[in-house]
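The residues of the chain are indexed from 1 along the displayed sequence. Remember, it's a predicted structure, so these values are computed and weren't measured experimentally.
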Amino acid sequence: MHIVTLPEAISKIKSGDMVGISGFLGVGEPFELIEELIRQNQQNLTIVSVVTSQPGKEVGVGRLCENHQVKKYIAAHVGTSAAVQHEYFSGDMEVEFTPMGTVVERLHAAGAGLGAVLTPTGVGTILENDYEKVVRNGREYLVYDPLKIDVALIKATKSDKYGNLYIDGTTKNISLQLALAADTVIVETNDIVEVGEIDPNDIYIPGILVDYVVKSLTAEEHHEMMGDLWTETKKFAGVV
């Protein structure tokens, strides 16, 4: 594992790569890594995430689409980003709609070396037009290929100098599955501590899966930023 700068980390991504990004409506999303990816402007990316960022202000994964860097987006829901919707409906970007749990299982399958995911989710819907349907033990399933990704961008609360990660609460989301499925794992963390300062029971992702770590905003700075974003969201929804 290497502790590097933002530019050094994002330089590991090449145009045309498949990039998995942690986060759910902005929570647990590596905003600093994404902004550096926008600055470096790698093109024709395929993005894997469960949903886009929160509505009201274009942030995170939506910013990549706003900057026209994404050729394909694999997610369960993209309705919270105006930029993603614009790219999709204009035909400039393909969206592969995949149920949220299926995204997770496809990443897990790639990390575990499994050949496919069989799920009943989507049977009887338009997804049957895009995926093979099989019958096992009298029940119908759709067959999804694993999602092997080139690079994972993950947000962590704390990393030690070996890359062992503590990720707080629900900010974990799909970060472990991304780390398992990716060839290269890049982490944005609020804090970097000495080895042993994270209780082994609190390590969510072991350092053996992590390639690069970038120190970003402190926990207090990140909390303030998220508070500002949620204020924008409430304004957008007419709550304040």
Side-chain angles (χ1 to χ4, degrees), residues 4-98 103 107 147 149-156 171 173-175 178 181-189 211-217 221-222 224-226 228-233 235-236:
V4 296
T5 65
L6 275 169
E8 288 173 323
I10 294 302
S11 70
K12 311 303 178 184
I13 298 176
K14 305 183 297 296
S15 291
D17 275 353
M18 179 179 287
V19 181
I21 301 179
S22 68
F24 188 96
L25 296 177
V27 177
E29 196 166 352
F31 292 122
E32 302 260 325
L33 288 174
I34 292 170
E35 286 300 315
E36 181 60 31
L37 183 54
I38 291 165
R39 283 190 285 271
Q40 294 194 20
N41 200 34
Q42 287 89 330
Q43 292 290 313
N44 298 314
L45 302 173
T46 296
I47 299 299
V48 180
S49 69
V50 285
V51 297
T52 46
S53 297
Q54 58 187 308
K57 181 179 181 180
E58 208 64 73
V59 296
V61 289
R63 292 266 292 124
L64 292 169
C65 298
E66 186 177 51
N67 199 43
H68 312 294
Q69 292 173 254
V70 182
K71 68 175 181 180
K72 184 176 182 178
Y73 201 126
I74 301 173
H77 185 277
V78 298
T80 58
S81 167
V84 174
Q85 292 181 68
H86 177 270
E87 292 292 285
Y88 173 54
F89 287 115
S90 68
D92 292 328
M93 180 183 72
E94 177 187 354
V95 175
E96 182 179 328
F97 291 103
T98 304
V103 173
L107 291 167
L147 277 176
I149 57 179
D150 297 301
V151 182
L153 302 182
I154 293 170
K155 175 70 175 66
T171 63
N173 52 76
I174 64 170
S175 56
L178 289 172
D183 290 330
T184 301
V185 176
I186 301 172
V187 176
E188 171 187 324
T189 184
D211 297 291
Y212 303 99
V213 171
V214 173
K215 173 71 169 66
S216 65
L217 301 176
E221 291 169 335
H222 185 78
E224 181 179 354
M225 179 194 69
M226 291 302 297
D228 291 342
L229 285 176
W230 282 109
T231 297
E232 291 286 340
T233 299
K235 289 178 179 178
F236 177 78

OH (Y88) and OG (S81) are apart, to the nearest 0.5 Å, by 14.0 Å

Say you draw a straight line from CG of L33 to CD1 of I186; how long is it, rounded to the nearest 0.5 Å?
-> 6.5 Å

Considering non-hydrogen atoms only, spot the tightest contact between F97 and A76 and give its length.
-> CD2-O, 4.1 Å

Is there a side-chain contact (heavy atoms from CB on, under 4.5 Å) between I47 and I21 once you walk through the steps?
-> CA-CA 7 Å; I47 299 299; I21 301 179; 4.1 Å; yes

Do the non-hydrogen side-chain atoms of M93 and V84 ever get within less than 4.5 Å of each other?
-> yes

Which atom of Y73 lies closest to which atom of S49, heavy atoms considered | OH-OG, 2.8 Å

Sequence neighbours excluded - salt bridge (charged side-chain N to carboxylate O under 4.0 Å, His left out) pairs with any residue from residues 37-51 = E36-R39

Can you tell me how far the CD atom of Q69 sits from the OG atom of S15, to the nearest 0.5 Å?
-> 8.5 Å

Between the side chain of D150 and the main-chain N/O of M18, is any donor-acceptor distance below 3.5 Å?
-> yes

4.5 Å side-chain heavy-atom contact, L6 and E32 | yes

So do I38 and L64 actually touch side chain to side chain, heavy atoms under 4.5 Å?
-> yes

So, does S216 use its side chain to make a donor-acceptor pair with the main chain of T189 at under 3.5 Å?
-> yes

Closest non-hydrogen atom pair, L147 against A181 | O-CB, 3.6 Å

Hey, what do you get for CD (E29) to OG1 (T52), rounding to the nearest 0.5 Å?
-> 8.5 Å

Working to the nearest 0.5 Å, report the span between NZ of K14 and OG1 of T184.
-> 7.5 Å

Considering only heavy atoms from C-beta outward, does the side chain of V19 approach that of I149 to under 4.5 Å?
-> no

Taking side chain as C-beta onward, heavy atoms only, is V48 less than 4.5 Å from I174?
-> no

Kindly indicate whether the side chain of L45, heavy atoms from C-beta on, has any atom under 4.5 Å from the side chain of L37.
-> yes

Who are the side chain to side chain contact (heavy atoms under 4.5 Å, CB included) partners of K72, not counting sequence neighbours?
-> T46, I74, E94, E96

Under the side-chain hydrogen bond (donor to acceptor under 3.5 Å, both in side chains) test, which residues partner N41, sequence neighbours left out?
-> Q43, N67

d(Q42 CD, I13 CD1) to nearest 0.5 Å is 6.0 Å

Which pair of non-hydrogen atoms, one from T171 and one from N173, has the smallest distance, and what is that distance?
-> O-ND2, 2.8 Å

Any donor-acceptor pair under 3.5 Å from N44 side chain to K71 backbone = no

Does some side-chain heavy atom of E188 sit less than 4.5 Å from a side-chain heavy atom of K155?
-> yes

Considering non-hydrogen atoms only, spot the tightest contact between A9 and V4 and give its length.
-> CB-CG2, 3.8 Å

Would you mind reporting whether L178 and V185 have side-chain heavy atoms less than 4.5 Å apart?
-> no

List the atom of A83, the atom of G62, and the distance in Å for their closest heavy-atom pair.
-> CB-O, 3.6 Å

Under the 3.5 angstrom rule, does the side chain of S22 hit a backbone N or O of G28 as a donor-acceptor pair?
-> yes

